[in-house]
Protein chains: 2
Amino acid sequence: MPEPLLDLLWRNRADVPVIRRRGPKARHSTTDVVTLAIDLADEDGLGAVTIRALAQKLELTPMSVYTHVNSRDDLLVLMADQAHARMTPTSFARSAWRTRVRRVADDNLALLKEHPWLLDLDDPRTALGPGTIAKYDRELHAFDGTSLDDVARDAALTFVLDFTRATAARIVVRPATGEFGELWEQSVAGLVAYLGDDLPLAQRVGRVAGEAMGGPYDAERAWQFGLARVLAGLADLEGIDPAPLVD
Amino acid sequence: MPEPLLDLLWRNRADVPVIRRRGPKARHSTTDVVTLAIDLADEDGLGAVTIRALAQKLELTPMSVYTHVNSRDDLLVLMADQAHARMTPTSFARSAWRTRVRRVADDNLALLKEHPWLLDLDDPRTALGPGTIAKYDRELHAFDGTSLDDVARDAALTFVLDFTRATAARIVVRPATGEFGELWEQSVAGLVAYLGDDLPLAQRVGRVAGEAMGGPYDAERAWQFGLARVLAGLADLEGIDPAPLVD
DNA sequence: TAAATCTCTGTACGTTGTACAGTTCAATGT
DNA sequence: ACATTGAACTGTACAACGTACAGAGATTTA
């Protein structure tokens with residue numbers, strides 16, 4: 001039986017590693033397993049990460065996968081932590097907090113674009129992993145030099161990351177083409193008939209926003225809109241807002 | 001075979017209803033089916049909404065459920081729309097936009113507390129339903145009298161709702177007690193050992209934020225923090241911000 | 001009365017996670 | 001040297017899921 005999740009998460013520790021195990025050597029390392037699982041998820045989403053598919057990639061039988069992880073849920077946590085650990089953050093250099101926060105948001109958006117399946121994953125145990133904790137620490141430093149106390153600092157970071165995640169979800173999952181597109185258009189046509197002249201505001205705004213969404217520039221625009229709101233909201237908290245130096 | 005999803009969503013229309021169907025009368029209305037499905041979800045989450053469980057509640061065989069809905073996915077969309085339709089919004093009265101936006105956020109938080117499963121549901125077809133569209137229209141009106149154009153109005157509402165959803169997700173899903181609690185404490189104990197003295201900022205902030213989260217007041221505090229940021233961010237957009245009248 | 005078209009049923013299939021009982025093999029204790 | 005231990009791996013099997021498909025029975029329409 002594999003080690004508990006916590007130990008698997010921290011498997012790259014310098015401590016206590018080299019107790020030669022008995023039995024045959026494992027054909028794959030834990031990292032191999034997790035990496036291949038991430039490949040599956042990157043290609044076809046979390047749904048494609050089945051024990052059987054993973055076993056095939058590893059050239060093992062399905063049940064042998066359980067030699068390496070205790071359950072599929074544990075595997076997903078390991079995947080998330082590895083993704084967080086492998087993230088390559090933009091340096092904060094000597095920039096003002098606004099710029100640093102912007103970098104945090106941009107980096108997280110990039111992360112979620114690269115690994116959209118992270119959006120479908122919400123296991124609190126992810127917070128136990130070294131990759132996730134290191135990311136948390138790094139991003140907390142974005143607020144260095146501000147007047148935020150510890151609780152506010154955590155809340156502010158959460159605020160930024162929640163925004164990023166929500167917007168990423170809207171940017172990233174865009175099938176919207178192919179034969180699904182036709183079905184959608186049909187539905188919208190029928191919808192117009194049902195709506196008639198009711199709810200004019202919703203119709204007008206929905207149409208405008210929908211058209212804008214068709215264009216390639218809107219995802220970016222929504223992102224900039226929201227990010228500017230986030231920064232303004234946080235600046236308000238600062239009271240006296242040091243003029244952005246690098247923006 | 002049941003009608004297409006769009007027609008099921010709009011089944012309460014005054015138009016075209018009374019064409020007497022042939023065969024036997026259905027033992028349940030579509031609304032019955034959806035209501036019972038919502039009951040299941042309210043009690044035990046979306047995972048409890050299985051065709052078989054629903055069939056049992058309806059005193060039908062599993063396959064008979066498909067007389068009323070085309071698929072489980074369609075059912076979920078119907079559930080979401082009904083939840084939106086049954087929402088009882090707080091009146092805007094004659095309040096300032098800040099107050100109105102606050103009401104929108106509060107109402108949505110209440111909705112998500114009542115139906116946490118809405119957090120697990122992300123089918124774009126929900127936007128086709130009358131309940132959802134009416135909600136969209138009502139909430140867009142929160143920005144009446146501001147300088148926002150249509151695109152910005154949609155973006156602003158999205159911004160508020162995304163924040164609400166993210167915070168609700170953190171507030172609502174709190175098992176955290178029972179025997180799971182022990183397992184968690186064990187993990188945290190082990191985690192402390194692994195962490196040692198590394199990442200002091202993450203440790204300090206994480207501890208403080210974590211302790212605050214234990215207390216009953218913090219969920220509320222995070223909510224107020226974020227909501228204040230959202231309002232400040234939007235106020236910034238307004239440029240000249242009319243003093244809040246009712247706050 | 002016959003045809004059409006509904007509701008509802010029973011059986012069955014494919015896919016999923018994974019429990020359980022082995023088999024094989026390398027390191028350890030004697 | 002040899003038995004013991006424990007780890008890696010395998011094969012079979014089960015329960016739960018969504019739902020395809022073929023029909024049975026009821027009720028309206030021609």
Side-chain angles (χ1 to χ4, degrees), chain A residues 1-5 7-8 11 16-34 36-37 40-41 44-79 117 120-121 123, chain B residues 1-5 7-8 11 17-33 36-37 40-41 44-79 117 120-121 123:
Chain A
M1 206 163 112
E3 316 216 321
L5 176 60
D7 301 297
L8 285 180
R11 64 191 180 278
V16 218
V18 269
I19 330 157
R20 300 281 270 129
R21 323 281 290 206
R22 290 196 176 174
K25 268 180 282 189
R27 302 218 286 262
H28 308 276
S29 69
T30 305
T31 302
D32 283 348
V33 175
V34 175
L36 286 181
L40 279 173
D44 296 304
L46 257 204
V49 182
T50 63
I51 298 295
R52 286 170 171 83
L54 182 56
Q56 195 157 30
K57 274 221 170 196
L58 291 164
E59 299 187 284
L60 291 177
T61 61
M63 284 315 290
S64 304
V65 173
Y66 291 100
T67 310
H68 299 92
V69 292
N70 291 292
S71 69
R72 181 174 182 272
D73 284 351
D74 278 19
L75 173 65
L76 299 185
V77 172
L78 290 167
M79 290 166 63
W117 46 270
D120 300 324
L121 216 139
D123 193 315
Chain B
M1 205 162 114
E3 317 217 318
L5 176 60
D7 302 297
L8 286 180
R11 65 192 179 278
V18 271
I19 329 157
R20 301 280 268 127
R21 322 282 291 212
R22 279 186 187 186
K25 267 180 284 189
R27 301 218 287 263
H28 307 275
S29 69
T30 306
T31 302
D32 284 347
V33 175
L36 287 181
L40 280 173
D44 296 304
L46 257 203
V49 182
T50 64
I51 298 295
R52 286 169 171 86
L54 182 55
Q56 195 157 29
K57 275 221 169 197
L58 290 164
E59 300 186 283
L60 292 177
T61 60
M63 284 315 291
S64 304
V65 173
Y66 290 99
T67 310
H68 300 92
V69 293
N70 291 293
S71 67
R72 182 173 183 273
D73 284 351
D74 278 18
L75 173 65
L76 299 185
V77 173
L78 290 167
M79 290 166 62
W117 46 270
D120 300 325
L121 216 138
D123 192 314

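Owing to the predicted nature of the structure, the values given are computational and were not obtained by experimental measurement. By convention in this document, chain letters (A, B, ...) are assigned in the order of the sequence lines, proteins followed by strands, and residues within each chain are numbered from 1.
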Length of the [atom1]-[atom2] vector between [X] and [N], whole Å:
X: B/Lys25; N: D/dT28; atom1: NZ; atom2: P; answer: 7 Å
X: A/Met1; N: C/dA21; atom1: CE; atom2: P; answer: 15 Å
X: B/Leu40; N: D/dA16; atom1: CG; atom2: C1'; answer: 16 Å
X: B/Ile51; N: D/dA15; atom1: CD1; atom2: C1'; answer: 18 Å
X: B/Leu46; N: D/dC17; atom1: CG; atom2: P; answer: 14 Å
X: A/Asp73; N: C/dT18; atom1: CG; atom2: C1'; answer: 12 Å

Using every non-hydrogen atom in the two residues, find where [X] and [Y] come nearest and quote the distance to one decimal.
X: A/Ala48; Y: A/Asp44; answer: CB-CB, 3.5 Å
X: A/Met79; Y: A/Ala41; answer: CE-CB, 3.7 Å
X: A/His68; Y: A/Leu8; answer: O-CD1, 3.7 Å
X: B/Asn70; Y: B/Pro4; answer: ND2-CA, 4.1 Å

Task: CG on A/Leu5 to CG on A/Leu75, rounded to 0.5 Å - done: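 Here the interatomic distance stands at 10.0 Å.
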Task: CZ on B/Arg27 to OG1 on B/Thr67, rounded to 0.5 Å - done: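 Nearest 0.5 Å value for the OG1-CZ distance: 9.5 Å.
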Open item on the list: Can you work out whether A/His28 or B/Arg72 has the more 5'-proximal nearest nucleotide on DNA chain D?
Closed with: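 In this pair, the answer is A/His28.
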Provide a list of protein-nucleic acid N or O atom pairs under 3.5 angstrom, restricted to nucleotides 2-6 of chain D.
unit_1: D/dT5; atom_1: O4'; unit_2: A/Arg22; atom_2: NH1; d: 3.3
unit_1: D/dT5; atom_1: O2; unit_2: A/Arg22; atom_2: NH1; d: 2.9
unit_1: D/dG6; atom_1: N2; unit_2: A/Gly23; atom_2: N; d: 3.4

- [ ] Please lay out, stage by stage, how A/Glu3 and A/Thr30 fare under the test side chain to side chain contact (heavy atoms under 4.5 Å, CB included).
- [x] CA-CA 11 Å; A/Glu3 316 216 321; A/Thr30 305; over 6 Å; no
Task: Pairwise side-chain contact, B/Val69 with B/Leu78, heavy-atom cut-off 4.5 Å (strictly under) - done: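 The answer is yes; the side chains approach within 4.5 Å.
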TODO: Examine C/dG14: is either OP1 or OP2 under 4.0 Å from a nitrogen or oxygen in the side chain of A/Arg52? Give yes or no.
DONE: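 Checking A/Arg52 against C/dG14: no side-chain N or O falls below 4.0 Å of OP1 or OP2.
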- [ ] Tell me whether the OP1 or OP2 atom of C/dC25 has a side-chain N or O from A/Arg27 closer than 4.0 Å.
- [x]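 False: A/Arg27 side-chain N/O out of range (4.0 Å or more) of C/dC25 OP1/OP2.
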Please output the side-chain donor-acceptor pairs of residues 50-64 of chain B that fall under 3.5 Å, not counting sequence neighbours, one pair per line with the distance.
unit_1: B/Thr50; atom_1: OG1; unit_2: B/Ala53; atom_2: N; d: 3.0
unit_1: B/Thr61; atom_1: OG1; unit_2: B/Ser64; atom_2: OG; d: 2.8

TODO: Go through residues 53-71 of chain B and report each residue with a non-hydrogen atom lying under 4.0 Å from DNA chain D, sorted by number.
DONE: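 Residues of residues 53-71 of chain B under 4.0 Å from DNA chain D: B/Met63, B/Tyr66, B/Ser71.
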